[in-house]
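To start, the structure itself, in structure tokens.
Counting begins at 1 with the first residue of the sequence. Counting starts at 1 for both ligands and their atoms, in listed order. Everything numeric in this text was worked out from a predicted model, so none of it was measured.
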Amino acid sequence: MSERIKTARRLVVKVGSSLLVDKTNGALDKKWVAGLAADIARCRGRGQDVILVSSGAIALGRTVLHLNDRPLKLEEKQAAAAAGQVSLAHAYEEALRPHKLPVAQVLLTVDDTEERRRYLNARGTLNALLDFGALPLINENDTVATSEIRYGDNDRLAARVAIMASADCLILLSDVDGLYDSDPSSSPDAAFIPVVERITPEIEAMAGAAKTPTGSGGMVTKIEAAKMALTGGCHVAITNGKGVQPLNALENGARCTWFVPRKNPQDARKQWIGASLRPAGRLTVDSGATAALAQGRSLLPVGVIAVDGDFERGDAVIIWGQDGRELGRGLCAYSTADARLILGHKSSEIEDILGYRGRDEMIHRDDLALS
Ligand code: GLU
């Protein structure tokens, strides 16, 4: 399982406040941040994309504004976050500079990930940052978030970000080891759970309601976050990040609970294609194409026998077998008019018929969700 860290294409790493800020004096643990920076640089060096979701703004803001550990009202917490976020970003910037990794701050509210257009915008920005070789550093925009529009904790925010960025691995670093079947602080024979294949009600019950003192999330929110990320096909690891270079430790088999998704990210997109689009037309296919689709292949024009509806290139269509059964749905690479012209033809003839060289496939297998 620890191999996952090395093989993931895109990692989202979430850092809990308790790892960053020394409880006794409220100071930032620069050595720890330097270790994480080295970890991130190593992942980047392997060609992996990394996104960092870090808590710690409020905890650091307490120090900056001399608030000590007295209870804070909502607006005071928000003020602390505003001050602390500067220190937080600065600390990462400084630690990543020797690795020549630029840091880019992104502050998000729930609306930014729930509303489709803002979601797509934020996703575009993250992708652009990764293309530029920068490390997106994300936190909740605590200053404007009211209690109704709060993620409430960065575990959930990190899961949303993982889905938004189509990440295949989410690592929740905090001061808990992972999941036990009972509370290890009260029951000495609590058994550690290294792998969770399904989040059942029993697993949720095991999480209990333990809270970490510095951050706002406990095991319950971590399990909730894991659930969200799993639906996006993302592996999730919960581990104690206290040591220096926590990702390196994880690669070397440090204690950790892994949550395994049943779907990979591509399947999640297919799920979206299959379930959440309104089909604009229908392609009827022959028995050869039906068999090819069942083997996971793309739909070629040669296998299409009829085209119905009114769709543009990229629209969702239903795929019908000759027996009138729906075989699946997919995004068609051609419009109705062009699809009619090339149906039954070999892909090599497309250019002659249409006057341009389109895709060889009528529906590429990546754009296809079988029923
Ligand atoms: N956004 C908060 C902060 O940076 C942390 C929330 C959390 O710990 O989950 O201080």
Side-chain angles (χ1 to χ4, degrees), residues 12-23 26-29 32-33 36 51-93 95 103-113 122 135-162 164 170-176 207 209-229 236 238-242 246:
V12 173
V13 180
K14 186 260 168 173
V15 172
S17 303
S18 58
L19 300 174
L20 281 170
V21 186
D22 185 332
K23 260 200 321 262
L28 183 105
D29 187 343
W32 189 87
V33 177
L36 181 69
I51 296 173
L52 187 60
V53 176
S54 181
S55 302
I58 297 173
L60 287 173
R62 282 178 175 275
T63 311
V64 176
L65 301 176
H66 310 291
L67 304 173
N68 308 321
D69 53 3
R70 72 171 170 86
L72 299 178
K73 291 189 272 190
L74 179 64
E75 66 268 25
E76 290 176 329
K77 273 193 200 162
Q78 294 181 300
Q85 184 63 31
V86 177
S87 308
L88 189 61
H90 181 70
Y92 283 116
E93 208 273 329
V103 177
Q105 174 178 286
V106 179
L107 299 179
L108 294 171
T109 59
V110 164
D111 281 358
D112 300 325
T113 53
L135 174 78
L137 168 65
I138 300 179
N139 198 353
E140 179 160 11
N141 193 350
D142 288 314
T143 318
V144 297
T146 61
S147 46
E148 308 83 68
I149 59 152
R150 283 190 70 88
Y151 286 99
D153 62 81
N154 277 356
D155 296 323
R156 268 183 285 238
L157 170 61
R160 277 278 186 244
V161 166
M164 179 158 77
L170 167 66
I171 300 162
L172 301 175
L173 298 176
S174 71
D175 54 4
V176 297
K211 285 222 169 213
T212 54
T214 319
S216 56
M219 189 48 94
V220 171
T221 71
K222 287 182 178 47
I223 298 287
E224 237 175 85
K227 237 184 184 175
M228 279 164 59
V236 180
I238 296 178
T239 191
N240 190 323
K242 272 280 180 215

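Legend: side-chain hydrogen bond (donor to acceptor under 3.5 Å, both in side chains) pairs involving residues 61-74, not counting sequence neighbours, sorted by first then second residue: Arg70-Glu76.
Of the possible polar contacts, one joining the Gln78 side chain to the Asp142 backbone as a donor-acceptor pair under 3.5 Å is found.
Side-chain contact check for Val53 versus Val15: every heavy-atom pair is 4.5 Å or farther apart.
Looking at ligand 1, you'll find an N or O of Ile58 within less than 3.5 Å of one of its N or O atoms. Some N or O of Asn139 is nearer than 3.5 Å to an N or O of ligand 1, by distance alone. The shortest N or O to N or O distance between Lys14 and ligand 1 is not under 3.5 Å. The shortest N/O to N/O separation between Ser55 and ligand 1 falls below 3.5 Å.
Listed by chain and number, the residues in a salt bridge (Lys or Arg N to Asp or Glu O under 4.0 Å) with Lys227 are Glu204 (sequence neighbours excluded).
Of the listed residues (Asp142, Leu20, Val21, Ile138), the one carrying the non-hydrogen atom nearest atom 1 (N) of ligand 1 is Asp142.
Close contacts of ligand 1 with Ala57, meaning ligand atoms under 4.0 Å from a residue heavy atom, involve 3 (C), 4 (O), 10 (O). Taking every heavy atom of Asp153 and a limit of under 4.0 angstrom, the matching atoms of ligand 1 come to 9 (O).
A salt bridge is absent between Asp175 and Lys242: the closest approach of a Lys/Arg side-chain nitrogen to an acidic carboxylate oxygen does not fall below 4.0 angstrom.
Using a 4.0 Å heavy-atom cutoff, Ala81 is absent from the residues neighbouring ligand 1.
Interatomic distance, CG of Asn154 versus CG of Asn139, reported as 4.5 Å (0.5 Å rounding).
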